[in-house]
Amino acid sequence: MAVKIRLKRIGKVHAPYYRVVVMDSRKKRDGRAIEEIGKYHPTDDPSFIEIDSERAQHWLSVGAQPSEQVAALLKVTGDWQKFKGLPGTEGTLRTKENAVSDEARAAAVKAAEDEAEQRKARAAEAKTSSEDKTSSEDKTAAESADEKPAEDA
């Protein structure tokens, strides 16, 4: 039996989530797996990758062939280098701690919202002051129009 390590898609239409699974190569993509050895969430920032290194090493050692996508994930986690005996077994996996913290992002969003609110207030103030000027000009024009017929009489 040809065993593959590949991705099994779960999730919604535009929100994919994958499980890293070991399955017979003849089975369909989302069919029954022999074993689930990890998770992959590509839409998160940074992408969430969790692979059970011990089980991945076991399946690679007994001849399971990873798909191209799974091979890339194994290289990121360092499991492929460990299996092949190459340097760089620590991998290049980014974690949320290394990324921008949620608190810093929330603070930046709040600052942008406050700035937008101030701009709106200034624009509204400028609009009302320009309306006041035009209405006072209209009043003076109306008064002068009222005065002209009186002068003619």
Side-chain angles (χ1 to χ4, degrees), residues 4-23 27-57 59-60 65-83 86-153:
K4 290 247 182 211
I5 303 175
R6 60 186 189 192
L7 297 176
K8 178 179 180 178
R9 190 175 199 270
I10 56 175
K12 296 180 182 174
V13 175
H14 294 289
Y17 288 90
Y18 297 95
R19 297 229 171 109
V20 181
V21 296
V22 178
M23 61 182 4
K27 295 280 187 181
K28 55 187 177 181
R29 178 191 71 180
D30 297 336
R32 186 169 157 262
I34 297 170
E35 182 179 0
E36 291 181 2
I37 61 170
K39 298 175 186 174
Y40 172 50
H41 302 235
T43 55
D44 292 352
D45 186 35
S47 296
F48 174 77
I49 302 170
E50 178 184 279
I51 295 177
D52 184 358
S53 182
E54 183 179 312
R55 297 308 298 162
Q57 294 300 317
W59 283 107
L60 289 169
Q65 295 297 309
S67 67
E68 289 182 27
Q69 298 90 345
V70 173
L73 293 177
L74 292 173
K75 288 176 185 173
V76 168
T77 59
D79 291 323
W80 186 253
Q81 291 90 325
K82 191 185 297 182
F83 171 67
L86 300 172
T89 58
E90 65 279 350
T92 58
L93 181 63
R94 289 185 347 178
T95 59
K96 288 225 183 240
E97 293 84 37
N98 296 343
V100 177
S101 70
D102 291 336
E103 296 164 359
R105 185 175 288 133
V109 167
K110 183 164 175 29
E113 288 173 350
D114 291 343
E115 184 180 336
E117 199 171 301
Q118 290 172 354
R119 275 195 227 145
K120 284 182 185 177
R122 279 188 247 131
E125 185 178 310
K127 185 177 182 182
T128 56
S129 65
S130 67
E131 286 177 358
D132 289 342
K133 288 180 184 177
T134 56
S135 64
S136 63
E137 290 173 0
D138 291 342
K139 287 180 185 177
T140 56
E143 289 172 2
S144 64
D146 289 340
E147 292 172 6
K148 284 184 183 176
E151 291 173 5
D152 291 338

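Residue numbers run from 1 in the order of the sequence given. Everything numeric in this text was worked out from a predicted model, so none of it was measured.
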### Query
Taking the side chain as C-beta and beyond, is there a heavy-atom pair between Val20 and Leu7 under 4.5 Å?
yes

### Summary
The reported gap from NE2 in His41 to CD in Glu50 (rounded to nearest 0.5 angstrom) is 7.5 Å

### CZ on Arg55 to CD on Glu36, rounded to 0.5 Å
13.0 Å

### Query
For the side chain of Gln57 and the backbone of Asp79, is there at least one donor-acceptor N/O pair under 3.5 Å apart?
yes

#### Entry: Distance, nearest 0.5 Å, that separates CZ of Arg6 from CD of Gln69
10.5 Å

### Task
Evaluate the ring planes of Tyr40 and Tyr18, with Trp represented by its six-membered ring, and classify them as parallel (under 30°), tilted (30 to 60°) or perpendicular (over 60°).
parallel

### Query
Roughly how far apart are Ile51 CD1 and Leu74 CG, rounded to 0.5 Å?
5.0 Å

### Query
Of the non-hydrogen atoms in Pro42 and Pro16, which two are nearest, and what is the gap between them?
CD-O, 3.5 Å

### Message
Just verifying a value: how many Å separate Arg19 CZ and Asp30 CG, rounded to the nearest 0.5 Å?
### Response
11.0 Å

### Query
Got a second to check how far Leu60's CG is from Ser53's OG, nearest 0.5 Å?
9.5 Å

### Query
Going through the checks in order, is the side chain to side chain contact (heavy atoms under 4.5 Å, CB included) test met by Glu125 and Arg122?
CA-CA 5 Å; Glu125 185 178 310; Arg122 279 188 247 131; 5.6 Å; no

